[in-house]
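Structure record follows, encoded as structure tokens.
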Amino acid sequence: MSPEDKKELDEETLFVVSQTFKALGDPTRIKILNLLFHGEYSVNDIAVTLHLRQSTVSHQLRFLKNLRLVKYRRDGTTLYYSHDDVHVMNVLKETIDHACHH
């Protein structure tokens, strides 16, 4: 371990890390992020695919966007969401793989 690795984490870093794990601690958000790992979807597409209410999806996407875990692009009046952090997506994928490996 280098000296840089041993330094104490600052408050902002601790907050971001804890919020990221909070995001990954919710089953609905995990479902949404897992879907976005595989492509770009509109709110309606996410709701239909995951059998969720549109308002639930919008609420969760807002939470994930605030953490910069998802991003969107506008096409006319439709917003298409995709993941925005390959590091967190890799953590999610590894955790899913771990859970599936009995």
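Predicted model only: the values in this text are computed from it and were never measured.
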Compile the donor-acceptor pairs under 3.5 Å between side chains in residues 36-47 and protein atoms, sequence neighbours left out, one pair per line.
from, atom 1, to, atom 2, distance (Å)
Glu40, OE1, Arg73, NE, 3.1
Glu40, OE1, Arg73, NH2, 2.9
Glu40, OE2, Arg73, NE, 2.9
Ser42, OG, Asp45, N, 3.0
Ser42, OG, Asp45, OD2, 3.1

Would you give me the side-chain donor-acceptor pairs under 3.5 Å for residues 55-66, sequence neighbours excluded?
from, atom 1, to, atom 2, distance (Å)
Ser55, OG, Arg53, NH2, 3.2
Ser58, OG, Gln54, O, 3.2
Gln60, OE1, Arg29, NH1, 2.8
Asn66, ND2, Arg62, O, 3.3

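Hydrophobic clustering keeps Val91 apart from Phe15 (ILVMFWY residues linked when any side-chain heavy atoms are closer than 4.5 Å, directly or through intermediates). Both Leu79 and Leu67 sit in one connected hydrophobic cluster of ILVMFWY residues. Membership requires side-chain heavy atoms under 4.5 Å apart, directly or through other members.
Atom CD1 of Ile96 is separated from atom CG of Leu24 by 9.0 Å, given to the nearest 0.5 angstrom.
The backbone N or O of Ile30 sits nowhere less than 3.5 Å from a side-chain atom of Asn34 that would complete a donor-acceptor pair.
For the pairing with Leu33, the side-chain contact (heavy atoms from CB on, under 4.5 Å) check across Thr28, Asp85, Leu92 returns one residue only, Leu92.
Salt bridge Asp26/Lys22: absent, no basic N to carboxylate O contact under 4.0 Å.
Contact detail for Lys71 and Asp84: the closest heavy-atom pair is CD-OD1, 3.3 Å.
By the 4.5 Å side-chain criterion applied to Ile, Leu, Val, Met, Phe, Trp and Tyr, Leu14 is assigned to a cluster that also includes Leu9. The hydrophobic cluster containing Phe21 also includes Val17, under a criterion of side-chain heavy atoms closer than 4.5 Å among ILVMFWY residues, counted directly or through chains of members.
Checked against side-chain hydrogen bond (donor to acceptor under 3.5 Å, both in side chains), Asp75 has no partners two or more places apart in sequence or in another chain. Applying the ring pair (Phe, Tyr, Trp, His ring centres under 6.0 Å) criterion to Tyr72, with sequence neighbours excluded, gives Tyr81.
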